[in-house]
Colleague: 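Following this message is one structure expressed as structure tokens.
Convention: sequence-line order gives letters A, B, ...; per-chain numbering from 1. Remember, predicted model here, so these are calculated numbers, not experimental data.
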Protein chains: 2
Amino acid sequence: MAFRHPDRDQIRIEDVLSALGNGVRLAVVRILDAGGEHNCTSVLNTLGITAKSTMTHHWRVLRDSGIIWQQPSGRENLLVLRRDDLDARYPGLLDAILSGARTDEGHAAARPR
Amino acid sequence: MAFRHPDRDQIRIEDVLSALGNGVRLAVVRILDAGGEHNCTSVLNTLGITAKSTMTHHWRVLRDSGIIWQQPSGRENLLVLRRDDLDARYPGLLDAILSGARTDEGHAAARPR
DNA sequence: CCAACTGTACCGCGATTGTCGAACTATCGC
DNA sequence: GCGATAGTTCGACAATCGCGGTACAGTTGG
């Protein structure tokens, strides 16, 4: 299949922010950041049930905005966080977001929205 | 009028990111960060022409996500970046985003999208 | 080869978003 | 009070989003 990924210098912060301004995608990034090998279904399972076609949509958004690599390998797609590219282009951004997500989880988890 | 602003600990990073995942709102934050007193029309003028009702929408998004204070003062609304609250809750986030926006502006301005 | 498995493509749906114009409210200066 | 000014509210609109279902394509193990 071979997906189109933006080069490092084609990444735009606006796209990154709007991609991560979504709970599901932010959760995906947190999972990928935690390390380990991941394919689509493994993330999908960690998140609880979500339709595969829905996740395909989220993969595309994350991929197009330059946040993840998605590499076909056999019948799976390996998912990798583009931490080096993001850190190089936007130093401190990813760490701030990830630790921010942890902050929210900590003391603002249960609110009526 | 008196607008409803979220408390510092009610701010959610997901809202902040999706609020700033928009060029107009990101530009607004950059303007506010540059310092000085701002009301709605002054920002609107700096941005070039945009309908006032459109900006009212953006003010609400920025306000609801906890990024700005909007304080009625006479017949104007003073706009202030909530830098202290954002820095307290998400250390480094705002700086990373602002300098990231500067990065994008620098060497990725002209691309077909 | 064939069945199971991994994931995408495509279509449709309701909800949200970004934009604007028009009408309205509130305040200021005279 | 009157006109100008600042900004909101409301309604409309096209575009996009998030989600799921169904169908399809490539890979693997027996």
Colleague: What is the distance, rounded to the nearest whole Å, between atom CG of B:L47 and atom P of C:dC20?
Modeller: 12 Å

Colleague: Closest approach to the side chain of B:N77, judged atom by atom: which nucleotide of D:dT28, C:dG7, D:dG7 is it?
Modeller: D:dG7

Colleague: Starting at CZ of A:R63, measure out to CG of A:N77 and round the result to the nearest 0.5 Å.
Modeller: 8.5 Å

Colleague: Expressed as a whole number of angstroms, how long is the span from B:W59:CH2 to D:dA6:P?
Modeller: 14 Å

Colleague: Rounded to whole Å, how long is the line connecting atom CG of A:L17 with atom P of C:dT17?
Modeller: 16 Å

Colleague: Under 4.0 Å: is that the gap between some side-chain N or O of B:Q70 and OP1 or OP2 of D:dT8?
Modeller: yes

Colleague: Tell me: CG of B:L44 to C1' of C:dT19, nearest whole Å?
Modeller: 13 Å

Colleague: Considering only NZ, NE, NH1 and NH2 on the basic side and carboxylate oxygens on the acidic side, decide whether B:D95 and B:R83 come within less than 4.0 Å.
Modeller: yes

Colleague: How many angstroms lie between atom CD1 of B:I97 and atom CG of B:D33, to the nearest 0.5 angstrom?
Modeller: 11.0 Å

Colleague: Could you state the interatomic distance from CG (B:L32) to CD1 (B:I67), rounded to the nearest 0.5 Å?
Modeller: 10.5 Å

Colleague: Mind checking B:T56 for me? I need base, sugar-phosphate or nothing, with any heavy atom below 4.0 Å counting as a touch.
Modeller: base

Colleague: To the nearest 0.5 Å, how far apart are NE2 in B:H5 and OG in B:S65?
Modeller: 10.0 Å

Colleague: Between C1' on D:dT27 and CG on A:N39, what's the gap in Å once rounded to a whole number?
Modeller: 14 Å

Colleague: Would you say A:V16 and A:L94 make side-chain contact, with heavy atoms under 4.5 Å?
Modeller: no

Colleague: In whole angstrom, give the distance that lies between atom CE of A:M55 and atom P of C:dC10.
Modeller: 20 Å

Colleague: Pick the closest DNA chain D nucleotide for A:G74 and for A:A51 by heavy atoms, then say which residue is nearer the 5' end.
Modeller: A:A51

Colleague: Let's see if you can work this out: which of C:dA22, D:dT22, D:dG7 has an atom nearest to the side-chain heavy atoms of B:S53?
Modeller: C:dA22

Colleague: Expressed in angstrom and rounded to an integer, what is the separation of A:R75 atom CZ from D:dT27 atom P?
Modeller: 11 Å

Colleague: Atom NZ of B:K52 and atom P of C:dC20: how far apart are they, to the nearest Å?
Modeller: 14 Å

Colleague: Please tabulate the protein-to-nucleotide N/O contacts below 3.5 Å involving nucleotides 16-18 of chain D, giving atom names and distances.
Modeller:
from   : atom 1 : to    : atom 2 : distance (Å)
D:dG18 : OP1    : A:N22 : ND2    : 3.2
D:dG18 : OP1    : A:R25 : NH2    : 3.1
D:dG18 : OP2    : A:R25 : NH1    : 3.1
D:dG18 : OP2    : A:H57 : NE2    : 3.1

Colleague: Respond yes when some side-chain nitrogen or oxygen of A:T41 is under 4.0 Å from OP1 or OP2 of C:dG7, and no when none is.
Modeller: yes

Colleague: If we only count heavy atoms from C-beta on, is the A:V24 to A:L47 side-chain gap below 4.5 Å?
Modeller: yes

